[in-house]
Amino acid sequence: MKTYDERCKGVTEKIAVFKEKRKRNRRILVSVSCLALAVLALVLFVPYNTAPPDVSMYADSPYYGLIQKINKATYQKPRYDNNFQMLTSELGNLKLTASGKDVVAEALPVPVENLGVLNGTDSENAYVEVTDNQVAGVTEGDLLKRTERYFFYLNRGVLKSYSVAGEDSRELSQTDLSEDTEMWYFMQESETQMYLSQDGTILTLVAPCHRKTDKKACVSVRSFDVSDPEKVIPAGRVFVTGSAQTSRMVDGSLLLISRFGFYGTPDFSDEANFLPQIGVPGDMHSVAAEDILSPETLSNTHYTVVTKLDAYTLEVRDTAAFLSYSDQIYVSLENIFATRRFTESGENDNSRTMSEISCLSYTGETLDFRGSVTLEGSVKNQYSMDERDGILRVVTSVSNTKQIRNNGDLTVAAYTERSASLYCVSLEDFRVVAVVERFAPEGEQAESVRFDGDYAYVCTAVVWELTDPVFFFDLSDLNNITYKDTGTIDGYSSSLVNFGDGFLLGIGFSGNRGLKIEIYAETQTGVESVCSYEAGAGFSGEYKAYLIDRENRLVGLGIDDWYAGETQYLLLFFDGYKLREAARVPLDGVLDEIRAVRIDEYLYLFADEFKVEKL
């Protein structure tokens, strides 16, 4: 039996061992905690890498310079500086996200059939122009085309053919061009356009579509043998990746202008993700690197793509592309002009709208870049540009935003100055050789423009005020440009048209937002309104939907009569003094898609229904 001292000593030793273990555990815990805190600090507070991804592995690619620009333009810096900011900012706002690639291409290659070889001649059934083209000799696609004996009208994907025979005219056939096992065709879109060959036997159709397998967008160009209008035969087709923008036909060549774009950083190992492509089955190819024009700093990742094809065999002759160009297109007899709008920043956060206009020649065997010019303002549409005698004439809407600051250099307000300017640019060196700056009243911008030889007509307006002046420019001497105007009048013209015999036709809005059609004439002191016609009706803003017959002084368009509650076709006759109603016919259809043609004493109307009216 142990004594009391022995028992106490044993207990003391056990306590000492226990205390030593506890001290050791504490030291380990402190060490582990310090280590954990250090690791946590590394995880939470180490700055994120903000450099764009490394793309040096593509240094051997002919597109390497382009890849570097796209990589820089599409890279998005981290939202937070580190993980700590991310966790504290996102706490309480957690949400699930789906994984996958962050690039969404507008288009990928689409399989196509072998191109058809089209034949057929019919000298007794020659093509007759019905579209009021902006440039003589440059045919624009439309929903209605005709020959001496037949009409072809595209109505929501259905091609309808009719005979030209006055009151005895009849429908010959209907062909659904939207039916396809591979593709969805969007034939109601405004980009859907068709053409006829000069002998009236070949119809070429341009339309947007999506591939059914992956819903990727592309532009289809299809040709059909219509030598027998009662039996339309598919002949060939080819696809360009992207979406339709516009097209033209010149001397047997089809100029297809399309867009191709993507969002996010693409996979550069697959050219289809970041380059527009065109081709035939098994031979899809990208636009060559040397044929892609791009600014040093990209404002977007959208291309304007130009493809030159044989209009009937659909053989691809050449392709070219403007990267970061996605605005307006104008086609002259020799050149294609593409615009790029951007904002230029100045001192004190002031800014102004600018437009870069680049020129591509298409008359040779290849598409050749000629040069570019940067102008102040934005270009509204194709009619705001015109080429004549080696000079590009352009009307822009100017917009300058200025900051108002207090003594502490703090912005307290901002205001925007608006007006319009006219520029003349030499296509020899792309230098501005003449300019009329800010000719419009303060606050007004260019709403409609037409060039006609040595003259230009411009309507400027503050749209919500429904008032405008119309300007008449004499550009015969670029060293002494003169202009006159109407002064402020009610409404404004969304389309200005040379109506022949010294008259100008304006189609647009009245003071109550109804239809107003006005005739103007130049005088010694200005431009005056000769007469006007107003109707309480809606109308189409699509210029191709208007019938413009200068020889017979007729103007027609579809209207939505507010009071009758129906769609009608309105035809007006200008007798030199007044605009008089020549016809007003109920007609079912969509205003943008209504077309009409006058032949001899008959008016042929095309919409959801077909009518012939004797005038």
Side-chain angles (χ1 to χ4, degrees), residues 129-140 248 250 328-335 337 357 379-397 420-427 433-436 439-440 446-461 468-486 492-508 517-531 543-544 546-555 557 574 576 579:
E129 186 62 80
V130 294
T131 303
D132 192 42
N133 300 303
Q134 180 184 6
V135 179
V138 180
T139 303
E140 300 182 32
R248 299 289 188 277
V250 187
Q328 305 303 324
I329 297 291
Y330 161 66
V331 182
S332 72
L333 269 173
E334 297 181 351
N335 301 300
F337 298 88
I357 305 176
V379 181
K380 183 176 178 64
N381 53 33
Q382 69 185 62
Y383 300 108
S384 298
M385 296 178 279
D386 179 81
E387 179 186 345
R388 179 176 172 84
D389 298 330
I391 301 294
L392 174 67
R393 293 95 64 86
V394 185
V395 172
T396 67
S397 290
S421 297
L422 185 150
Y423 294 92
C424 297
V425 180
S426 169
L427 296 180
V433 294
V435 60
V436 181
F439 61 83
E447 289 301 319
S448 56
V449 181
R450 276 299 191 284
F451 290 91
D452 180 36
D454 288 329
Y455 305 102
Y457 312 105
V458 183
C459 172
T460 65
D468 74 3
V470 173
F471 294 86
F472 176 93
F473 287 86
D474 186 339
L475 305 176
S476 57
D477 181 359
L478 296 185
N479 294 316
N480 183 32
I481 297 176
T482 61
Y483 63 92
K484 307 170 184 178
D485 67 82
T486 59
Y492 71 92
S493 297
S494 52
S495 288
L496 286 176
V497 186
N498 174 15
F499 207 43
D501 298 326
F503 294 107
L504 178 67
L505 172 68
I507 302 174
I517 298 179
E518 195 149 12
I519 301 290
Y520 304 93
E522 182 190 9
T523 68
Q524 291 294 326
T525 58
V527 180
E528 68 177 20
S529 173
V530 177
C531 64
Y543 180 69
K544 293 176 185 177
Y546 306 153
L547 184 159
I548 307 294
D549 186 341
R550 296 171 179 84
E551 181 180 355
N552 296 289
R553 292 187 175 181
L554 294 171
V555 54
L557 71 168
F574 176 54
L579 283 164

**Request:** Would you please name every residue forming a ring-ring contact (aromatic ring centres under 6.0 Å, His included) with F473, sequence neighbours left out?
**Result:** F439, Y483

Under the side-chain hydrogen bond (donor to acceptor under 3.5 Å, both in side chains) test, residues paired with [X] that sit two or more places apart:
| X | answer |
| --- | --- |
| E387 | S332, N335 |
| E129 | Y127, N133 |
| Y520 | E518 |

**Asked** Can you find a side-chain donor-acceptor pair between Q134 and E140 that sits under 3.5 Å?
**Response**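 No, because no side-chain N or O of Q134 sits under 3.5 Å from a partner of the opposite role on E140.
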
**Prompt:** Nearest heavy-atom pair of L504 and N498: which atoms, and what distance?
**Reply:**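 Minimum heavy-atom contact is CD1-N, 4.1 Å.
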
**By side-chain contact (heavy atoms from CB on, under 4.5 Å) - contacts of D549 (at least two apart)** = L547, E551, N552, L554, R598

**Request:** Applying salt bridge (Lys or Arg N to Asp or Glu O under 4.0 Å), name anything that partners R553, two or more places apart in sequence or on another chain.
**Result:**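 Partners of R553 under the salt bridge (Lys or Arg N to Asp or Glu O under 4.0 Å) test: D501.
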
**Message:** Check for me whether the distance between the ring centres of Y457 and F471 falls short of 6.0 Å.
**Reply:**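 No, they do not, as the ring centres are separated by 6.0 Å or more.
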
**Fill in**
From the list F503, F472, Y455, side-chain contact (heavy atoms from CB on, under 4.5 Å) with E522 holds only for F472

**Asked** Is the shortest side-chain N to carboxylate O distance from D132 to R550 below 4.0 Å?
**Response** yes

**Message:** Quick test of your reading of the model: are D386 and R450 salt-bridged, counting only N-O distances below 4.0 Å?
**Reply:**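 Here D386 does not pair with R450 in a salt bridge, since their nearest N and O are not under 4.0 Å apart.
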
**Request:** Please step through side chain to side chain contact (heavy atoms under 4.5 Å, CB included) for the pair K380 and Q328, ending with a clear verdict.
**Result:** CA-CA 7 Å; K380 183 176 178 64; Q328 305 303 324; over 6 Å; no

**Asked** Hey, what's the ring geometry for Y543 with Y383, parallel, tilted or perpendicular (30° and 60° as the breaks)?
**Response**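 The rings of Y543 and Y383 stand perpendicular, inter-plane angle above 60°.
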
